[in-house]
Amino acid sequence: MVDTLERYAPNENLTRDEAAWRAQNIIWHSADVELDVSNATDPNQGSYRSVTTLRFTSKHPQTFIDFIHDTVEEINVNGTMIAVDDAVLDARIYLQDLDIQAVNTVVITGRALYSRSGEGMHRFVDPQDGQTYLYTQFEPADARRVFACFEQPDLKTSYRFIVRGPEDWHLASNQPAESQNLHEDGTKTVTFAPTPPISSYITTVLAGPYHVVRDEHTVMLSSGEPLRIELAASCRASLAEDFDAEEILKVTKQGLTYFHELFDYPYPWGKYDSAFVPEYNLGAMENPGLVTFTERYVFTSHATEAQHEQRANTIMHEMAHMWFGDLVTMKWWDDLWLKESFADYIGTLANDQATDFATAWTTFAARRKAWAYVADQMPTTHPIVADITDLQAADQNFDGITYAKGASVLKQLAAFVGDEAFRDAARAYFVKHEYANTSLDDFLAALEQASGRNMGDWADAWLRTSGVPHLGVELELDAENVVRSAALIQRGTDPVSGEPILRPHVLTVGSYELEEGRLVRQDSQRVELNGERVELGFLVGRPAPAVLLPNDGDETYAIIEFDERSQQNLLQHLGGLNASLPRATCWASLWDAVRGARLAAQDYVAALLQHAATVEDAGVFAVLMDQLLTSVNRYLAPHLREEARQKAARALTGWLTQLEAGSDNQTTTARTLARLARAGVAEDVVDAFLASEPNQYGVKVDEQLQWLSWQALAAARGLDESDGVRMRAALDANPTSVAQNAVRTALAARPVSEVKEQAFAEVLQARDQDGELSNDALSATAEGFTIGSRELLAGFEERYWPQISEVFDSMSMEFSTRVIRGLFPRSQELSDEPDDNPALKAVTEWLEKNTEAPRALRRILLEERAELQRSLDAQKLSRESK
């Protein structure tokens, strides 16, 4: 614990102990934030005026305020100017001689920097019309890039934003506007109402010529009183034609009605705006009253049902945060999972129960839970309740454990205590802790009160341990193939503690039989497993089923290890399993077997090509197509890849004409085929996609497929003069930001050494000949660079390792992560044994030599090494299998 205030640099990385010290001494009463972004349209202006007035009491005569700035011009403490040079050190402003008897008023005047990384105040210039757009993104600690503040979640206060910008701009913040003043220079100042007490990371500002659609919604409270909520949905003006605001607002209304009934607590933030913004690093952010979303949810190409469902799920996720995360907030980032897991679980529940989408839990099983299984098998896995010592660790902790594993465990918790008890606990929790900060113990207390169950053992088993439990069925058969005994077995080892994984599970075990090529459920049994094994008496005395599926209803969080009979029947007949959720569970379990080198990649690819076309769920089908590409490009033995690509290309080309024209699965198939064609297969099909006449496959070529096709041709054969002219013409005809970044990828994908040299340098420097790259432009260039043969890219690997530390030290967390992950040599071909692979040896050597490197940097490389190891181990199994 920090006892006294010490000055040191660099000091952006706030520690948990420092935050605790400050929280013990500071009571923050209110803050006024004045921002002048009227110069944002001038590209020569890199900063803007930021003035913050902080009112707080302090038990200690010293403290520090966070501000990552361009300049600090004035610091006024209780009416007295203090010397800037004496107070400012890097990202902190140190204050002395505070009044410990009364409220202190501190006014900090300075300039903050516009961002290109998506952190702080991001500035984007629309290539279609030249318009400038601003938005803020602050989680976990980037409000200090815009204004001076106490940047930690447990120092909540009321914020009043005053924003000046061009007169014709849409200016918005967390609360409605109170007043607007026009100025003679063509600008205006909008003053927004003060917020209720909130943390700094969920404040927000939106500014620009946004297209805005307004509406309102009324919900009836349990008191019988109506609550009217003003709604708005906004996007860039150039996207207005594609903006389906009516659908977005419909889902928003469905969610508001559902959550009011579920939580029985009135929506506390007045209005509800949804802003879809460019170059966003996240899917969305739960700023109360003004939620920001990635504009990838404004569909400029054909959007599948799965994409619409995913957007709805994100809307519900962020709306759940209005209560769990915004109204009640964790004290520190150790309990980040409390809000994110809750929102992931409740958001999916709302998508399932409140909207028109019928496969929300199937998509959750296929995509979100699969993300959790990957993260939980990393060397960097951690308990759901993580040990977050500082902000760098917090920034790295927005991962599959915090979101998807936590949500999966909460789903199991609802099965464990009952849905009603879970709901009642949430209701009591919001009332007791409104506008406050909590920890895990507060939530467990609410659960114990509502359910009557002791939650301590459950929490210890699920929340304070790491790793994935494995569930399988142990069968003993007689000579007639009749089951003599059967038991559900749990195994696994916590990779952190080394202890066995023995968690309580409430789940369903299903048995399936083959009937005319279809797998039909014959029986299922609800089972409670409280240790290593539980007997499955319902199977005894019956013939061994074709497939035994533990977790048939996907109630719990566990990897399923099929018995040999079940696995073989699934590989041969999975297309005959029509039940949506069990089918997704089976596909996910087989995929984990491939990743775990327990199932040869060629066997999985064969099953995909045989059965995937029968999958009607667009979300699951899209996941399977991603797995097909990963299997062929990374998990299959190198000598098998060319033939596998040819087989896949033939199969997918056939599906194009077999599937309904314009259907979601046909669209996904065409996009997958274009990605597959980067390796030099199906070039004739891709050429047909780019032809001016309608193609013979009945495929509508939208913006996304068009640019995937150009990237495929660029990677496979380069771009000759004719190709270059045609691609540039396509860009000029529709110069969207999507198109611009797609062209970056295509140009960097060309199989020419000079091209790779240029792309490598641009990514490392995050700059090209026109200046600093944005976050999306950087990633687009990196993607193109990594497309290519091993011979073409191998020479860059040795030059990569010496650059890593400098990149991490000199760039923001977002940029450095994109550079280091983007250039990591993850696509390798096994030659001898996995441990002999040069890239694997190089990353291992770097980690051994750089034990004192920042933990966040080491985490990136540990995870990349683990994925590389998996791919090499899978290739070895593939090579050795028949």
Side-chain angles (χ1 to χ4, degrees), residues 19-20 23-24 26-29 152-158 174 195-202 219-225 227 255-256 258-270 286 288-289 317-347 349-350 384-385 406-407 409-411 413-414 416-460 462-464:
Q24 287 177 347
I26 296 295
I27 299 174
W28 196 355
H29 296 285
Q152 59 191 78
D154 60 343
L155 283 177
K156 288 186 170 185
T157 196
S158 173
N174 300 89
T195 70
I198 59 175
S199 304
S200 57
Y201 78 91
I202 49 177
V219 295
M220 299 303 297
L221 305 180
S222 57
S223 64
E225 295 294 315
L227 175 65
L256 287 169
Y258 177 79
F259 284 121
H260 273 88
E261 294 174 356
L262 181 68
F263 295 150
D264 194 27
Y265 188 105
Y267 175 71
W269 309 111
E286 68 268 18
H317 176 113
E318 304 308 325
M319 194 176 293
H321 276 311
M322 298 299 112
W323 289 266
F324 215 115
D326 293 354
L327 177 66
V328 183
T329 311
M330 72 273 158
K331 288 180 180 177
W332 180 248
W333 300 102
D334 307 75
D335 284 319
L336 169 67
W337 81 276
L338 259 178
K339 73 182 184 75
E340 294 302 346
S341 298
F342 189 95
D344 229 31
Y345 166 61
I346 292 292
L349 183 68
I384 293 173
V385 180
V409 170
L410 288 183
K411 185 180 181 184
L413 174 60
F416 183 75
V417 302
D419 291 336
E420 290 188 5
F422 191 92
R423 177 204 65 196
D424 293 345
R427 290 177 174 180
Y429 181 79
F430 297 141
V431 171
K432 183 175 182 179
H433 301 290
E434 58 184 0
Y435 302 110
N437 296 86
T438 62
S439 65
L440 171 63
D441 290 341
D442 298 304
F443 186 55
L444 293 179
L447 281 167
E448 288 187 350
Q449 182 67 31
S451 68
R453 304 191 71 160
N454 186 318
M455 297 305 302
D457 290 344
W458 186 93
D460 287 343
W462 277 108
L463 304 179
R464 296 189 174 97

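Values below: every heavy atom of this structure, side chains too, minus hydrogens, waters and symmetry copies. Heads up: numbering here begins at 1 and tracks the sequence. Predicted model, so just to flag it, every value in this text is computed and none were measured.
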Applied to residues 322-331, the side-chain hydrogen bond (donor to acceptor under 3.5 Å, both in side chains) test, sequence neighbours excluded, yields Lys156-Thr329

What side-chain donor-acceptor pairs closer than 3.5 Å can you find for residues 445-456, not counting sequence neighbours?
{"residue": "Glu448", "atom": "OE2", "partner": "Met455", "partner atom": "N", "Å": "3.0"}
{"residue": "Ser451", "atom": "OG", "partner": "Leu447", "partner atom": "O", "Å": "2.8"}
{"residue": "Ser451", "atom": "OG", "partner": "Arg453", "partner atom": "N", "Å": "3.1"}
{"residue": "Arg453", "atom": "NH1", "partner": "Phe416", "partner atom": "O", "Å": "2.8"}
{"residue": "Asn454", "atom": "OD1", "partner": "Gly456", "partner atom": "N", "Å": "2.8"}

Output for pair (Leu440 CG, Arg464 CZ), nearest 0.5 Å, gives 5.0 Å

Kindly indicate, with the supporting measurements, whether the criterion side chain to side chain contact (heavy atoms under 4.5 Å, CB included) is fulfilled by Trp337 and Leu463. CA-CA 10 Å; Trp337 81 276; Leu463 304 179; 3.8 Å; yes

What distance do Leu338 atom CG and Ser439 atom OG have between them, rounded to the nearest 0.5 Å? 8.0 Å

Point-to-point distance, once rounded to the nearest 0.5 Å, from NE2 of His433 to OG1 of Thr438: 6.0 Å

Calculate, to the nearest 0.5 Å, the distance between atoms CZ and CG belonging to Phe430 and Asp264 respectively. 11.0 Å

CD of Glu286 to NE2 of His317: how many Å apart, nearest 0.5 Å? 6.5 Å

Aromatic ring proximity, centroids under 6.0 angstrom, Tyr345 and Phe324: no

dist Phe342:CZ -> Leu413:CG (nearest 0.5 Å) comes out at 10.5 Å

Is any side-chain heavy atom of Leu227 closer than 4.5 Å to one of His260? yes

Report, as yes or no, whether the 6.0 Å neighbourhood of atom CD on Glu420 holds more than 12 heavy atoms from other residues, nucleotides or ligands. no

Please identify which of these residues, Phe259, Tyr265, Tyr267, meets the ring-ring contact (aromatic ring centres under 6.0 Å, His included) condition with Phe263. Phe259

